[in-house]
Amino acid sequence: MQDSLFPDFVNNASEKGENTTAASLLDQEGIDFEYITDPELARSAINAILKGDLPLGLDTETAKLNEYSGYPMAGLDPTLSRIRLVQIYAGGDTVFIFDMFELGINALKPLWDLPMVAHNAVFDLKHLLYAGANPSKIGCTMLMENALSGRLGSLAGLSRQYLGWMMAKHQQVSDWSAPELSDNQLTYAAVDVVAVYKLYRVLSERLRRKKLARTYMLMRDAMPAIAQMELDGIHFDIEKHADLMARWRKKKTVAAEKLQKVIGPHINPDSPKQLSNWLKTHLDPDTLKDWPVTKTRQLRTGARTLARYPDHPLAAPLLSYKEADKMLSTFGAGYTDHINPKTGRIHANFRLGGTATGRLSCHSPNIQNPPRDRSFRELFSAPPGRLIVVADYSQIELRVAALVSGDKNMLEIYKNGQDLHRMTAAATAGVPYEEVTKDQRQAAKPVNFGLLYGQGYRGLARYAKATYGVNMSDNDARIAREAFFSTYPDLRRWQESATREAERTKRVVTPCGRVRDFSRESGGYRYAEALNTPIQGGAAEVLMAALARLPGYLGDLDAKLVNTVHDEIVLEVVDNDVARAKTALEKAMIEGMLTVFPRASTKNLVESKSGKNWAEAK
């Protein structure tokens with residue numbers, strides 16, 4: 001088990017004193033281990049385990065495959081490594097350590113239907129799935145702690161906090177492919193699984209007392225889908241990516257040439273300080289007075305600031321330069337380093353509980369938030385004979401806001417299958433619903449989303465321009481704000497009540513019970529976050545409920561879950577199964593909504609499309 005992927009948010013201060021040795025911890029607990037390489041002894045051990053306490057503690061240790069020994073992270077990837085050890089602890093005085101190099105995964109087949117718990121269980125689960133095992137009931141102590149505190153604590157950190165153990169972890173990176181494992185390695189492996197077993201007992205009681213079991217179970221039940229998604233990976237078109245990088249480089253060069261004509265050859269466009277100094281000497285006094293500054297009084301030159309001054313000669317070329325530079329640095333050559341040398345696919349890491357609101361996060365690389373450039377989404381494609389299927393929730397955060405706030409007008413709109421953006425446009429533009437134009441509907445989007453999270457009229461005007469390209473004066477924004485809250489008065493009342501209570505208690509709660517405690521955050525209570533968390537968190541809970549149900553709906557279809565992004569789910573499906581996969585995906589997503597919000601309207605809730613790549617299927 002690799003828990004060092006996750007920082008120890010429980011206590012990331014340096015440990016004082018020496019770590020307790022694994023052997024000392026086992027002695028302290030009166031526990032020994034049995035290292036098993038013989039099939040007959042394995043059967044006896046399994047019989048003993050079957051009489052033990054449930055859920056079983058589970059842990060694994062993995063070894064890099066010889067041909068990938070030069071890849072630093074190969075031990076974390078099921079396709080580039082093998083399971084060396086499976087550790088099982090069922091209480092009592094013995095940890096059973098099974099050597100998979102000697103026994104093979106099928107030796108443990110009688111155990112896979114039993115309830116188990118691991119730490120960072122997605123890691124263990126995807127390695128087991130790749131090896132041919134499929135534990136049907138697996139929990140996770142890391143997610144239990146996340147439900148309790150919002151943190152993703154390491155096994156060592158949680159053991160220190162709840163068990164008083166100071167665990168040494170240096171054996172984690174030892175050579176698990178060695179022909180003979182050392183006593184130190186085996187003892188280390190044994191302690192880890194005992195820690196998991198004991199932590200489960202402590203954390204489950206805390207979840208019960210704090211009434212947070214549902215928060216945890218939503219994440220737990222989504223783990224099989226997440227593990228399989230990470231394991232399957234997503235296809236990425238390398239040749240088209242190379243062509244795209246060439247376009248970005250050309251765009252950057254052209255923008256740099258245009259910039260030189262404005263700022264001269266001696267100003268470095270990559271230096272915010274030099275750009276700030278140039279602006280200070282070239283802006284008229286009124287514009288300079290209004291220009292946003294940093295804490296050190298340096299003029300800001302980021303994209304959001306530049307978007308406020310579209311007519312300034314610096315804005316267009318500098319924005320173009322920055323965009324191209326970001327594409328190359330974030331999504332350029334380094335992005336393809338994540339392509340697996342064995343599968344040729346990208347196997348990103350998704351993190352349940354990875355954000356304060358409960359949304360999934362993604363890293364190595366982040367495939368949830370690609371550039372808006374359609375040509376980049378086209379790179380996530382399907383191999384020959386397969387298609388990409390995408391289904392997304394229509395206006396999920398607005399729907400959740402309607403349900404959480406109980407706003408009668410919003411709920412009626414969704415009950416009738418109408419479009420809230422169009423309804424808001426009708427209210428703000430003062431025209432009938434049926435006569436709303438495309439431009440008016442577009443202008444309503446920043447109004448809906450900006451005011452949903454508590455923006456004032458000035459902030460709304462800036463947000464509309466920067467995010468949606470909608471020109472809106474402060475007066476236009478003020479009028480739109482008044483029209484919005486006149487149309488949705490129950491939402492306004494909920495916002496006032498919810499933020500008042502959050503400011504008093506320093507906490508907010510999502511529909512399924514996730515608690516966000518502002519007193520634990522460096523920024524403390526924040527008005528916008530108090531509004532954002534219940535809504536965004538509720539949408540995240542809907543998606544997790546859908547992911548938990550998706551494998552059952554897909555059944556025996558040749559369909560792979562390859563990505564999920566806040567309000568959408570992406571599959572890769574063989575051509576002949578596309579129609580059935582769309583139906584299955586839509587059913588899972590509707591059921592996910594009803595799991596969290598049983599009385600929600602599902603009219604026009606989910607729409608699915610297909611195409612050769614992610615962009616085409618959107």
Side-chain angles (χ1 to χ4, degrees), residues 307-308 310 372 374 390-495 531-532 535-536 538-539 542 565-568 586 589-590 593 597 600-609 615 617-618:
R308 294 175 59 179
R372 293 192 176 191
R374 177 184 172 87
V390 176
D392 62 6
Y393 286 110
S394 171
Q395 301 175 10
I396 184 64
E397 292 189 12
L398 293 169
R399 288 175 183 268
V400 171
L403 291 157
V404 168
S405 69
D407 188 281
K408 297 181 184 62
N409 292 338
M410 296 177 80
L411 291 171
E412 189 68 17
I413 289 166
Y414 288 120
K415 180 181 177 181
N416 295 333
Q418 293 176 300
D419 175 8
L420 194 78
H421 292 318
R422 181 176 287 271
M423 187 64 72
T424 299
T428 54
V431 299
Y433 178 87
E434 295 78 11
E435 295 179 15
V436 170
T437 66
K438 185 177 180 181
D439 287 344
Q440 287 170 333
R441 183 182 183 277
Q442 178 69 5
K445 289 183 179 181
V447 176
N448 278 336
F449 292 120
L451 299 183
L452 190 63
Y453 298 130
Q455 284 183 340
Y457 67 88
R458 288 194 179 94
L460 173 58
R462 291 194 294 267
Y463 172 69
K465 178 62 179 176
T467 308
Y468 290 91
V470 173
N471 289 312
M472 187 180 289
S473 69
D474 284 356
N475 191 52
D476 291 337
R478 185 187 290 108
I479 293 170
R481 193 172 188 276
E482 290 170 359
F484 177 87
F485 284 119
S486 294
T487 307
Y488 312 119
D490 296 327
L491 177 66
R492 168 178 257 167
R493 282 190 284 273
W494 174 80
Q495 286 188 343
L531 293 177
N532 172 290
I535 296 169
Q536 197 176 91
V542 167
V565 187
H566 308 324
D567 63 350
E568 72 181 81
E586 289 174 11
M589 292 176 73
I590 289 170
M593 183 68 161
F597 298 104
S601 169
T602 60
K603 200 168 186 179
N604 299 333
L605 175 64
V606 181
E607 182 181 14
S608 61
K609 297 179 182 178
K618 280 286 288 179

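Numbering starts at 1 and runs along the sequence shown.
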Supply the atom-to-atom distance [X] [atom1] to [Y] [atom2], rounded to the nearest 0.5 angstrom.
X: Leu398; Y: Met423; atom1: CG; atom2: CE; result: 13.0 Å
X: His566; Y: Asp392; atom1: NE2; atom2: CG; result: 13.0 Å
X: Arg399; Y: Tyr393; atom1: CZ; atom2: OH; result: 10.5 Å
X: Leu452; Y: Leu491; atom1: CG; atom2: CG; result: 6.5 Å
X: Tyr457; Y: Asp474; atom1: OH; atom2: CG; result: 6.0 Å
X: Ser608; Y: Glu568; atom1: OG; atom2: CD; result: 12.0 Å

Distance-only, no hydrogens or angles: does the [X] side chain make a donor-acceptor pair with backbone N or O of [Y] under 3.5 Å?
X: Arg462; Y: Ala307; result: no
X: Arg441; Y: Val436; result: no
X: Asp419; Y: His421; result: yes

Derivation of the side-chain contact (heavy atoms from CB on, under 4.5 Å) call for Lys408 and Glu412: CA-CA 6 Å; Lys408 297 181 184 62; Glu412 189 68 17; over 6 Å; no

With a 4.5 Å cut-off on side-chain heavy atoms, are [Y] and [X] touching?
X: Thr487; Y: Thr424; value: no
X: Leu411; Y: Leu403; value: yes
X: Asp407; Y: Pro489; value: yes
X: Leu451; Y: Arg481; value: yes
X: Ile396; Y: Met593; value: yes
X: Phe597; Y: Thr602; value: no
X: Ile413; Y: Tyr433; value: no
X: Tyr414; Y: Leu605; value: no

Nearest atoms (heavy-atom pairs only) where [X] meets [Y]:
X: Leu460; Y: Met472; answer: CG-SD, 4.0 Å
X: Gln440; Y: Ala425; answer: O-CB, 3.4 Å
X: Val606; Y: Ala391; answer: CG1-CB, 4.0 Å
X: Gly406; Y: Asp490; answer: O-OD2, 3.8 Å
X: Ala483; Y: Ala427; answer: CB-O, 3.8 Å

Mutual orientation of the aromatic rings belonging to Tyr463 and Tyr468 [parallel < 30°, tilted 30-60°, perpendicular > 60°]: perpendicular

Side chain to side chain donor-acceptor pair (under 3.5 Å) partner of Tyr453, the single match among Gln536, Gln495, Glu397: Glu397

